[in-house]
Amino acid sequence: MPDKILVTRSSMPDFEEYAEEIRPIWESHWLTNMGVKHHQLEADLVDYLKVPQIALFVNGHSALECVLEAMGLKGKVITTPYTFASTTHAIVRKGLEPVFADIKPDDYTIDPASVERLIDEDTCAILPVHVYGNLCDVDAIQDIADRHGLKVIYDAAHAFGVWRGDDSSASFGDASMFSFHATKVFNTIEGGAVCFHDASLKTLLNEWKNFGITGPEDVEYVGGNAKMNEFCAAMGICNLRHLDREIAKRKLVAERYWERLDGARGVRLSLPKEGVTPNYAYLPVVFDDDFGASRDDVYDALAEQQVFSRKYFYPLTTDFACYRGRFDSSRTPVARYVASHVLTLPMYADLALEDVDRICDIVLSCARG
Ligand SMILES: *Cc1c(COP(=O)(O)O)cnc(C)c1O
């Protein structure tokens, strides 16, 4: 039996590099609460992403909840059901009402025309997702937001290291949330960030993520605890040094997949767009009906050979048991179709090209029945 291949594998620095990075933490006994490593990682990221402001968090989900709170949003938020649980849960957990727009069939990001149709007097914000690192139609979305006076907060959890020309994925909208979870292109073990332009938001976010404490004897908000600790920040400092090389290795893997699968009947790939530098975060494939086998058939055939792909995103968040009876996924037919036909194949920097070939052989053999 060949070795197991999982859908992802975390990028890590050499052990010695990390050990060296955490040595000063041992010496100072300063483990969390915005210490030296936290400040350094913020500075490194501002530099890398070319964005004016950043606030680090314990994870991406808390970052998203915190920015919704700090912006003081009330009412309806237009978003997509084609995403990870976090996006919809953050809106609901903050007492806001999600309203679901459909997605575009070519890159699976939110459809601006669908967004515009859903706006009413209670709408306060748009929360789009750069799905698989595919950038949303950021210009059309900004235009809609400007005309209707709405905030735009991007779920950029998939999009770290994606560029449009000289603009990083952190530059768009009022704020962008990143996840630095172990499975993401750039990780801090667990971690996340919000990037933004308005400097006044920085203090607010720092207070909200630390119990709403505003001074030695003052607590002005009912905040939570969502601070990134020094060990996670140190991991980020190390991983950021190697990010470009990791993305270059992912590129080779993605290109091998595309070379093997592009043009196969019923196989839809997500290829990079003109002017965009991708991060090769995921390898989504949509198996249309003329492929000759269902998405579930392909998933099972791979699993039988110890290759573990992921039905991602499936189900739509609007179909989760916890939201039963509350939302109606038949109103987002494109999202519903993609969710039931998509599979993300194994994708990580160290995936061997021979393994990519083996995976593609299994996938293509399904079509021949
Ligand atoms: C990973 C992810 C999140 C949540 O990030 P965590 O760091 O795991 O909390 C949110 N949205 C999307 C689209 C994600 O993929």
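Just so you know, ligand 1 is whichever comes first in the structure, and atom 1 is the first atom listed for that ligand. Just the heavy atoms: all of them, side chains too, but no hydrogens, waters or symmetry mates, feed the values below. This chain uses plain numbering: 1 for the first residue, then up along the sequence.
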* Tell me, with the steps shown, if Tyr257 and Val285 meet side chain to side chain contact (heavy atoms under 4.5 Å, CB included). => CA-CA 10 Å; Tyr257 270 118; Val285 181; over 6 Å; no
* For a side-chain contact (heavy atoms from CB on, under 4.5 Å) with Ile78, tell me which candidate from Ile141, Val115, Leu127, Ile144 qualifies. => Val115
* To do: Without swapping roles, check the side chain of Arg9 against the backbone of Tyr348 for a donor-acceptor pair under 3.5 Å.
  => no
Polar pairs, ligand 1 vs protein, N/O only, below 3.5 Å.
from, atom 1, to, atom 2, distance (Å)
ligand 1, 5 (O), Ser179, OG, 3.2
ligand 1, 7 (O), Gly60, N, 2.8
ligand 1, 7 (O), Ser179, OG, 2.7
ligand 1, 9 (O), Gly60, N, 3.3
ligand 1, 9 (O), His61, N, 2.8
ligand 1, 11 (N), Asp155, OD1, 3.4
ligand 1, 11 (N), Asp155, OD2, 2.7
ligand 1, 15 (O), His158, NE2, 2.9
ligand 1, 15 (O), Lys184, NZ, 3.1
ligand 1, 15 (O), Tyr312, OH, 3.3

* Where the side chain of Asp111 meets the backbone of Lys104, is there a donor-acceptor pair that is under 3.5 Å apart? -> no
* Asked: Looking only at atom types and distance, does a side-chain atom of Asn279 sit under 3.5 Å from a main-chain N or O of Phe160, one as donor and one as acceptor?
  -> yes
* **N/O donor-acceptor pair under 3.5 Å between Asp288 side chain and Asp290 backbone** => no
